[in-house]
Amino acid sequence: MAGRNGASDERGRLVTDPFDYRIAKDGAVVVSRGGRVVTTVGGRDAARLGAALQAADDERVQHLLARATGNYRRGNERR
């Protein structure tokens, strides 16, 4: 999946080593991978991300979480 819909996963890393998330009581989205917290998204960004995650399929969820971490952007995606 590349282009407007999310980052490319040509190596299949999002399938073999997927992200997990949970929504905290305060509305923050806690993103983890391999049992370790990668990032916590709060405020308005968390509200938008949480809504998008609830409406997305499994593949799209992985792409949204990868983009939220910021570690997987290659400069051509928009926030």
Thr40: partners by side-chain contact (heavy atoms from CB on, under 4.5 Å), with sequence neighbours left out: Ala28, Val30, Val37
Asp57: partners by side-chain contact (heavy atoms from CB on, under 4.5 Å), with sequence neighbours left out: Glu59, Arg60
For residues [X] and [Y], report the shortest heavy-atom separation together with the two atoms involved.
| X | Y | value |
| --- | --- | --- |
| Gly27 | Ala46 | O-CB, 3.4 Å |
| Val41 | Ala68 | CG2-CB, 4.3 Å |
| Ile23 | Gln54 | CD1-NE2, 3.7 Å |
| Val29 | Gly50 | CG2-N, 4.2 Å |

Leu64 and Phe19, any side-chain heavy atoms less than 4.5 Å apart: no
CG on Leu65 to CG on Asp20, rounded to 0.5 Å: 8.5 Å
Heavy-atom neighbours of Asp58 CG exceed 12 at 6.0 Å: no
Donor-acceptor under 3.5 Å (Arg33 side chain, Val38 main chain): no
Working for side chain to side chain contact (heavy atoms under 4.5 Å, CB included), residues Asp45 and Leu49: CA-CA 6 Å; Asp45 291 336; Leu49 179 59; over 6 Å; no
